[in-house]
Amino acid sequence: MAIRIGDIAPDFTQESTEGTISFHQWLGNSWGILFSHPRDFTPVCTTELGEVSKLKPEFEKRNVKAIGLSVDPLSDHVKWVGDIAETQGCALNFPLLADADKKVSNLYDMIHPNASDTFTVRSVFVIDPNKKVRLIITYPASTGRNFVEILRTIDSLQLTDNYKVATPVNWKDGQDVIIVPSLKDEEEIKRLFPKGYKAVKPYLRITPQPNK
Ligand code: BEZ
């Protein structure tokens with residue numbers, strides 16, 4: 001069955017470039033981003049893996065561990081990792097699952113047969129410290145992902161977990177946010193949002209980001 005937001009991310013044990021990984025144990029108390037690549041030695045994937053390696057400090061700031069997946073064997077991954085270091089200005093610094101038996105790809109429904117019977121699409125799963133799936137994005141194989149956008153969504157998830165707010169269109173960390181419509185009590189609103197708010201409509205109340 002397809003995985004949905006709010007589900008517990010399926011656990012698995014699989015080989016990777018950093019040894020055998022038991023997923024839930026490996027995640028520990030961190031957030032996680034699990035993302036798939038159609039196959040090894042492909043140009044778009046090579047750029048993505050270099051980019052996520054460069055962004056490692058940004059993921060660490062947010063307590064997020066990154067883990068990639070490609071359906072080729074570990075022996076290929078090892079050769080490809082050399083190419084990534086050579087061409088992307090940054091060596092791979094997170095595990096890449098060797099999912100040659102497609103165990104994880106099938107578990108996470110990463111193979112979309114009407115696109116390709118054999119290779120994964122570009123799936124992204126953001127998983128929280130309770131192992132719940134919080135975000136799912138699917139790109140076609142020919143479109144490289146925007147990992148800055150994925151960091152932005154993690155900022156939103158982490159903010160909205162801690163405050164009674166939602167983030168508006170194109171929001172970036174530090175910008176104004178929206179008070180959740182379910183919050184009606186004026187005294188509570190004053191207490192939670194001491195910087196005040198602007199009611200554009202009764203259901204659209206804008207306030208400065210509370211943790212800035
Ligand atoms: C790539 O990963 O580079 C790629 C994969 C499938 C189609 C086109 C490009």
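Atoms within a ligand are numbered from 1 in the order they appear, just like the ligands themselves.
Salt-bridge annotation for Glu58 and Arg62: present, with a side-chain N of the basic residue lying under 4.0 Å from a carboxylate O of the acidic one.
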Report all N/O contacts between ligand 1 and the protein shorter than 3.5 Å as a table of atom names and distances to 0.1 Å; if there are none, say 'none'.
unit_1, atom_1, unit_2, atom_2, d
ligand 1, 2 (O), Thr42, OG1, 3.2
ligand 1, 2 (O), Arg122, NH2, 2.8
ligand 1, 3 (O), Pro43, N, 3.0
ligand 1, 3 (O), Val44, N, 2.6

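Take Phe125 and apply the ring-ring contact (aromatic ring centres under 6.0 Å, His included) test, not counting sequence neighbours, and it matches Tyr108.
A donor and an acceptor atom, one from each side chain of Asp128 and Gln158, are nowhere located under 3.5 Å apart. Counting only N and O atoms by type, the side chains of Asp176 and Gln209 include no donor and acceptor under 3.5 Å apart.
Within the 3.5 Å criterion, the main-chain N or O of Arg122 finds no donor-acceptor partner in the side chain of His37.
Atom NZ of Lys172 sits in a sparse spot, with 12 or fewer heavy atoms from other residues, nucleotides or ligands closer than 6.0 Å.
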